[in-house]
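To start, the structure itself, in structure tokens.
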Amino acid sequence: MLKSGAKVIAVCSAGINSDYNDSLWGAFHSLANLFDFKILFFNSFSDLYSYEKHDIGESNIFQLMNYEILDGVIILSETIKYKKVCYDIIEKANAYNIPVVSMDATLDGCYSVNFEYAHAMEEIIEHLINVHHYTKINFIAGIKGNLYSEERLETYRRVLERHNIPVEEERIGYGDFWSQPTKKVIDQFIASDLPFPEAIVCANDGMAIAAFKYLQQSGYEVPKDVALTGMDGIREAMEHAPMITTSHHDYYNAVITAFKVLESLLKGERPPKQSWVSSKVLLGGTCGCQEREHKSYNTLARELYEQIDDYNHFNEIQIALAADLTDNDSFWGVFDNLTKYADNFCSDRFWLCIVDDFLSEKEVLADIIEESSFKRIGYSTRMDIMLSRENGEWQGITDFDTSVLLPKLEEVLEEENNVMFLPLHVLEQTIGYVALVFDPDIMRMNYVYQFFMNISNALETTKTHQRQQAIINNLEIKYIHDPMTGLFNRRGFYQRLEPVYNICAKESCKVLVMSVDLNGLKQINDTYGHADGDIAITTIGKALSYVASDKHTCARFGGDEFVVAGPVENDEEGEEFYKEVLAYLDRFNEKSNRPYQVSASIGYVTGTPDNGITLDEFIKAADEKMYQEKVRYHSRQGR
């Protein structure tokens, strides 16, 4: 609970660039203080209709909710098309005894506040019959089986029957709430053998606007030849010329009603399970009424051009942003470049939070190859704030427990009436989230969506480059190293030593080349097994690594053959190296308690690589000395 005593309410919604969402968010923002509520908005940019990989990544924002700090939950259920998300929220809230209100949909396990769509549709159809005296009325429904579509269709049937107007099925079509199916329905109406309709009622404004266009293209004038109505009161319908006759939802009163239901529940009272908010019919020119004064064509055109100009400018910024964010070798470059685009967050206070370990530059090759090991579904238990700004001041990097949502969230809510949480992800993989103080006067949700997707893609691209580099580095190491001993292999030996050898030849520096051959490997393998043979091989490798300095290159050429080479100051260094290797092996044999001795035949040469002497010739000379030592070893063994 906040020190001020204000209640913390989560508002869950989905979708962007919607009059519906914008109107409700604005109402929540303006009314929260009146009820002494603090709002935590949790919003996915997608409406979660398909619920495939992208939608799964979007929906993770609702997994972020910490019910222990909430006093109530409001779900804009109509915006969230995948209803399981709604029911998961309700189930978790109920487990914590937190009251839930569903807006614009009746769901089990919670209270509901619904718009009276049927009543508004009834008023519109009654107006067409009683005022304009239309009797040939067609209907364009939405998606067949959809609750709202069927409710509006049933209202159409009921009103016609009430006026003894026959309901002719050929006058009904399904436009699926969007443009293309609506065109097919208009074509069907035109081709029908029935008399042409006097009016067409559409189940939403989008279909009404599309119907107007297709009727006009077919040579019919609205409302001269046929009247037309819509539903929902979207901006495009209100500013259409002529204005679409429609209904407008009372969003402000809907939020007041939802807040009152929560307020009542928090007091221990029992309000009605369902509350209804009426919608207002707005009469435009498309039904045949005298249209109210509307914006002139010039005004609408100017506003449209301003919007296009603003959007073009935004796109230019996003192109520059994408270039800046991808032209980086590290995450720090991404975040540094982001500071130049702070205005795109559309908030004076924001926090960019990244899942823990996402920025790690150390990944094991096996984990990279195994895709499941780096998939991040949901949020980590701790988050890292990589970029934040409060009132124009950039803040430092910090990490925090994910359950608190933000460090010092209580302090933020004492000063602000809301914080909005929005997802960062690529497909189903979570990158993090952005928290910001929502201000309806400056928020451009469709712009924020593109901006955040740019950030997510840039971070994931940087992560992919990091993994690719890790794979290259790991493969390069494997390509030039012996997997058993960790020493260089023959390829790595030449790759590392040849440049050094050439410098020594140019500057007349001395070089040590040592040939080392493990004694009795076959006997150890045959008598004690290959595991002990491997121990003997790795012991020689450890001995060489122990004695060698950074200037030496140690390699296993294969089987029981090893080579060491590097610059030396004098001939004595070769003898010292030789003795130290033998001393290491003596110490190992004293402590190993193994039934065999690990020993090696060693030959070495030192000299200056001049007069065209090649590295291979040095190795050959060292080999010859090693073979002499090998002969003496066999003699001592009695062979």
Side-chain angles (χ1 to χ4, degrees), residues 120-144 149 152-153 155-157 159-160 163 165-248 281-301 304:
M121 177 60 72
E122 185 173 338
E123 280 193 53
I124 289 173
I125 301 172
E126 287 282 358
H127 173 79
L128 294 175
I129 296 171
N130 295 326
V131 175
H132 297 287
H133 309 296
Y134 298 139
T135 57
K136 301 180 186 68
I137 302 173
N138 289 20
F139 190 84
I140 303 180
I143 300 170
K144 197 164 190 174
S149 175
R152 295 172 194 191
L153 175 57
T155 301
Y156 162 81
R157 294 179 185 277
V159 175
L160 262 60
H163 289 271
I165 299 173
V167 177
E168 299 168 290
E169 294 303 320
E170 203 172 336
R171 294 194 180 277
I172 299 171
Y174 288 87
D176 292 352
F177 288 129
W178 70 292
S179 177
Q180 286 303 315
T182 299
K183 182 181 187 305
K184 293 180 180 179
V185 174
I186 294 297
D187 290 340
Q188 290 169 11
F189 288 168
I190 293 173
S192 173
D193 293 332
L194 294 175
F196 195 74
E198 298 168 315
I200 298 174
V201 177
C202 300
N204 78 345
D205 288 336
M207 292 189 296
I209 293 169
F212 183 96
K213 172 185 172 183
Y214 298 133
L215 285 166
Q216 203 169 48
Q217 288 175 353
S218 300
Y220 295 92
E221 290 185 36
V222 177
K224 181 180 177 181
D225 298 319
V226 57
L228 187 68
T229 66
M231 184 84 174
D232 294 335
I234 65 174
R235 181 179 177 183
E236 289 88 344
M238 309 277 283
E239 295 186 351
H240 191 273
M243 182 188 130
I244 305 290
T245 292
T246 183
S247 67
H248 182 69
V281 173
L282 301 174
L283 300 177
T286 58
C287 70
C289 284
Q290 181 65 38
E291 188 172 357
R292 66 178 177 82
E293 184 179 349
H294 60 80
K295 294 180 181 178
S296 68
Y297 173 81
N298 288 339
T299 301
L300 290 171
L304 179 60

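Just so it is clear, the values below take in all heavy atoms, side chains as well, and ignore hydrogens, waters and symmetry mates.
- Sequence neighbours left out, not one pair with a member in residues 191-209 passes salt bridge (Lys or Arg N to Asp or Glu O under 4.0 Å).
- At a threshold of 4.5 Å between non-hydrogen side-chain atoms, the residues N204 and I234 do not count as touching.
- Residues satisfying the side chain to side chain contact (heavy atoms under 4.5 Å, CB included) criterion with H248, sequence neighbours excluded, are Y251, L282.
- Residue pairs satisfying the salt bridge (Lys or Arg N to Asp or Glu O under 4.0 Å) criterion with at least one member in residues 177-188, sequence neighbours excluded, are listed as follows: K183-D187.
- Annotation: side chain of C287 is in contact with side chain of H127 (closest heavy-atom distance under 4.5 Å).
- In this structure, N138 and V226 have side chains that are not in contact, with every pair of non-hydrogen atoms separated by 4.5 Å or more.
- Looking at residues two or more places apart in sequence or on another chain, you find a salt bridge (charged side-chain N to carboxylate O under 4.0 Å, His left out) between E122 and R158, R162.
- Counting only heavy atoms from C-beta outward, the side chains of T182 and I209 never approach each other to under 4.5 Å.
- With contacts defined as side-chain heavy-atom distances shorter than 4.5 Å, the pair V159/M121 does not qualify.
- Scored by the side-chain hydrogen bond (donor to acceptor under 3.5 Å, both in side chains) test, S179 finds Y214 as partners (sequence neighbours excluded).
- Between the side chain of T245 and the backbone N or O of G284 there is at least one donor-acceptor pair closer than 3.5 Å.
- Under the ring pair (Phe, Tyr, Trp, His ring centres under 6.0 Å) criterion, the residue pairs touching residues 167-196 are F196-Y220, with sequence neighbours excluded.
- Every pair passing salt bridge (Lys or Arg N to Asp or Glu O under 4.0 Å) that includes a residue from residues 210-233 is listed here, sequence neighbours excluded: R152-D232.
- Applying the salt bridge (Lys or Arg N to Asp or Glu O under 4.0 Å) rule to pairs touching residues 167-179 yields R157-E169, E168-R171, sequence neighbours excluded.
- Residues I137 and I129 are in side-chain contact: their nearest non-hydrogen atoms beyond the backbone lie under 4.5 Å apart.
- Taking 4.5 Å as the limit, every side-chain heavy atom of H132 sits out of range of all side-chain heavy atoms of P223.
- In this structure A227 satisfies the side chain to side chain contact (heavy atoms under 4.5 Å, CB included) test together with Y134, A199, sequence neighbours excluded.
- L160 has its side chain out of reach of F139: every pair of non-hydrogen atoms, C-beta onward, lies at least 4.5 Å apart.
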